[in-house]
Amino acid sequence: MPRPAVPTLPPWLAHAFRTQRGPVPWSAVTRGALAAGPLLLAGVVAGHVSDGVVAAIAAMLAGINDRPGSRRASVRRLGVPALAGALGLLVGTYTGQLLSAVPLTLFLTLLGLAAGGASAVGPVASAAGTQLLVAAAIGAGMPAAESGWQRALAFLAGAGWLLLLRLALPTPGSLTGDFRFDGEREAVADVYDAVAELLDAVGGDTATTRRAALTAALDHAQDALAGPRLRRCAGSTAERRLHAQYAAALPMAEAATALAWAGEPVSARAAEGPRRLAAAVRGNTGTGPLPAPGFPHARLRSRGASPVAPALRALDNALLRAAEAFDRTAGGAHRPFARRRGVADAVRAALGTGGREYGLRVALCFGASAAVAQALHHTRWYGQHQHWYWLPATAVFLVKPDLGPLASRVLSRAAGTVLGALVFAGLATPLPRPEGLIVLVAVCGALVPVATRNFGALTTVVTVLVLALVMAGGEPQASVSRIGETLLACVIVLIVGHLPMPGERGGGVRARLAVAASAAHAYLVHVLNESGDRTERWALRREAYRTLAEARTAIALSAAELPALARHTEGTDAVAAVLERLVDTTTACAVHLDDTGRLTPRHTRQLQELLDELEDGREPGRPPAAA
């Protein structure tokens with residue numbers, strides 16, 4: 001008798017319960033506990049409670065961006081949004097004082113248009129756009145005796161305090177070696193481990209998944225090594241050596257990808273070398289004995305007769321070069337192996353299809369919520385809780401597509417706010433003031449890094465924290481008002497999210513797919529032109545895989561939307577799959593051309609089939625056919 005089918009949740013609902021896994025980030029938890037609470041305490045002791053509240057809000061927003069990664073990468077990840085938030089608070093305060101309701105709403109709408117478009121540039125820009133708008137709403141709507149520049153300085157002090165904690169406090173990674181390299185060594189070591197896992201999976205069903213994991217590891221290492229370099233420091237030699245170790249992993253990853261494309265299993269011995277290199281990076285030690293280069297079964301094949309032999313020889317050569325890089329006591333001049341996206345790329349992304357569509361939605365949500373909030377501001381519905389800025393600030397977070405599908409975001413936000421408001425309502429009466437509220441803010445600050453793994457959980461923690469800050473600032477308990485404004489923001493964002501927009505829907509996904517297609521085509525042209533510049537080739541390969549990973553993420557989120565929205569990006573996942581096979585095939589071609597100077601019929605046939613498939617599909621993001 002057949003077993004009954006187990007019912008499955010729709011994607012938009014399943015996403016609301018999805019939680020990122022991993023160890024508890026105790027370092028971030030410690031920083032969170034030492035940030036918002038102590039800042040509020042300092043404001044209370046100094047007699048500047050309002051400044052303490054603003055600083056605590058800035059520390060909370062910075063804590064949301066305090067994700068795993070290297071210390072140097074955190075400078076940009078935390079610093080840029082903090083600067084944007086301070087600017088938003090400055091502008092919002094003065095415009096709120098000078099403009100009446102209608103001009104202020106128009107200004108906030110235009111600000112939402114600009115910040116929304118800029119958010120399409122990347123994750124840091126998205127965080128900066130969010131903090132700009134949230135701080136602008138707070139500045140315009142939160143009454144305070146301080147001037148705009150004083151509030152902006154308090155905001156910078158709060159975010160700067162958390163950044164200082166991030167730079168100064170030791171982390172588990174920094175305790176095992178050089179203090180500066182808390183996340184960099186682990187990130188580079190993960191690349192070598194990912195290469196080994198891909199080699200183990202060659203010829204099996206998990207090879208595609210392992211190749212995607214290798215891309216993610218390379219992306220993470222690239223980000224970890226970004227940020228300010230310590231060129232004049234005595235330890236700069238160690239830093240250059242770490243960059244060289246990352247660079248040595250690139251040809252090894254290329255060879256492993258070519259082997260995965262060939263699809264013939266390799267000896268288990270092939271993965272031993274990368275694993276020993278990973279251990280050497282983590283321990284900052286020598287490599288010790290590595291497997292002898294050369295695979296006999298590869299050398300028995302006639303030169304160029306199979307794509308496996310050149311790829312194995314490339315792996316041999318990459319292992320030898322890596323051993324030299326690890327044994328070298330002083331690295332050479334650092335050369336970046338990842339293309340940096342400049343101002344022109346950022347402007348194109350902001351003004352492109354995705355930037356325009358997202359900018360319009362942010363502008364409509366931000367402006368409409370500000371208009372509704374100010375209309376209600378003078379009614380009895382608000383009563384004595386005059387926090388109209390909560391409504392547009394909530395809408396800014398709800399409209400962000402990188403936090404999940406629209407319906408999932410709305411459900412998580414509503415449930416998290418109700419739960420957080422009820423929790424705070426139960427705690428507000430017995431807690432002593434202000435001591436109990438300061439302790440509650442510190443506890444919530446410590447929970448933020450853990451709660452970021454689920455949007456609903458994050459909303460619950462942030463709701464308790466914000467309500468505690470409001471009461472610490474001398475205002476009455478506002479749980480009911482917070483729930484009502486959040487539900488209003490949910491309705492506004494749901495309506496705007498389903499409104500038709502100028503141009504084709506799903507512009508953000510198609511824009512990312514177009515960028516990925518352009519990067520894949522540039523990589524293919526470079527390889528087929530047989531350029532000898534391998535540094536440029538590896539940079540193009542990294543860009544192709546990275547943009548594809550970003551497009552895949554956007555496609556997955558779009559596919560989990562309600563059917564009315566998901567249908568606008570149907571078929572984009574198939575285009576992304578073809579592009580991934582094209583980049584894999586291009587990598588295999590590059591390795592084979594290095595070894596033999598010519599392509600096999602299998603290479604040329606696969607390339608032509610993939611290009612024909614892209615050309616026939618005529619989906620957004622398709623590359624032009626290569627000559």
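Quick caveat, the model's predicted, so the values are computed rather than measured.
Looking at residues two or more places apart in sequence or on another chain, you find no side chain to side chain donor-acceptor pair (under 3.5 Å) involving Q245. Every residue meeting the salt bridge (charged side-chain N to carboxylate O under 4.0 Å, His left out) condition with R210, not counting sequence neighbours, appears here in chain and number order: E197. Considering only residues two or more places apart in sequence or on other chains, H15 meets the ring pair (Phe, Tyr, Trp, His ring centres under 6.0 Å) condition with none of them. Applying the side chain to side chain donor-acceptor pair (under 3.5 Å) test to D66 and every residue at least two apart in sequence or in another chain returns R31. Taking the side chain to side chain donor-acceptor pair (under 3.5 Å) definition, one finds that R537 meets it with E254, D594, sequence neighbours left out. Residues meeting the side-chain contact (heavy atoms from CB on, under 4.5 Å) test with A213, sequence neighbours left out: none. Remark: S412 engages no residue in a side chain to side chain donor-acceptor pair (under 3.5 Å) (not counting sequence neighbours).
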- Message: Applying side chain to side chain contact (heavy atoms under 4.5 Å, CB included) to L277 and V281, what does each step give before you reach the verdict?
- Response: CA-CA 6 Å; L277 293 174; V281 174; 5.5 Å; no

- Message: Set out, in order, the CA-CA distance, both residues' side-chain angles and the distance that settles side chain to side chain contact (heavy atoms under 4.5 Å, CB included) for L607 and L582, then state yes or no.
- Response: CA-CA 7 Å; L607 282 177; L582 178 63; 3.8 Å; yes

- Check the pair L579 / L513 against side chain to side chain contact (heavy atoms under 4.5 Å, CB included), numbers first and verdict last. CA-CA 9 Å; L579 284 172; L513 202 54; 4.0 Å; yes

- Test side chain to side chain contact (heavy atoms under 4.5 Å, CB included) on L167 and S74 and set out the steps. CA-CA 8 Å; L167 297 175; S74 66; 4.2 Å; yes

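For CG of D205, the number of neighbouring non-hydrogen atoms (other residues, nucleotides, ligands) closer than 6.0 Å is 12 at most.
Taking CZ from F17 and CG from N454, the interatomic distance works out to 9.0 Å, rounded to the nearest 0.5 Å. Residue R605 holds its CZ atom at 8.0 Å from OG1 of T600, rounded to the nearest 0.5 Å. Summarising the geometry, atom CG belonging to L250 is positioned 9.0 Å from atom CD belonging to Q222; distances are rounded to the nearest 0.5 Å. Interatomic distance, L164 CG to R166 CZ, rounded to the nearest 0.5 Å: 12.0 Å. Remark: M252 CE to L198 CG distance equals 12.5 Å, nearest 0.5 Å. Rounded to the nearest 0.5 Å, atoms SG (C589) and CG (L524) are 7.5 Å apart.
Each salt bridge (charged side-chain N to carboxylate O under 4.0 Å, His left out) pair with one or both residues in residues 20-30, not counting sequence neighbours, would appear here, but there are none. Among pairs with a residue in residues 247-269, those fulfilling ring pair (Phe, Tyr, Trp, His ring centres under 6.0 Å) read W261-H603, at least two apart in sequence or across chains. For residues 184-203, the pairs satisfying ring pair (Phe, Tyr, Trp, His ring centres under 6.0 Å) are Y192-F326, with sequence neighbours left out. Every pair tested for ring pair (Phe, Tyr, Trp, His ring centres under 6.0 Å) that includes a residue from residues 199-221 fails, sequence neighbours excluded, so the list is empty. Sorted by first then second residue, the salt bridge (charged side-chain N to carboxylate O under 4.0 Å, His left out) pairs that include residues 581-593, not counting sequence neighbours, are R211-D584, R581-E613.
Of the residues R546, R76, R542, the one that meets the salt bridge (charged side-chain N to carboxylate O under 4.0 Å, His left out) test with D223 is R546.
The shortest heavy-atom contact between A278 and D193 is CB-OD1, 3.3 Å. Across all their heavy atoms, V191 and A217 have their closest contact at CG2-O, 3.5 Å.
With 3.5 Å as the limit, one finds a donor-acceptor pair spanning the side chains of T569 and S558. Checking Y545 against T257 by side-chain atom types alone, no donor-acceptor pair falls below 3.5 Å.
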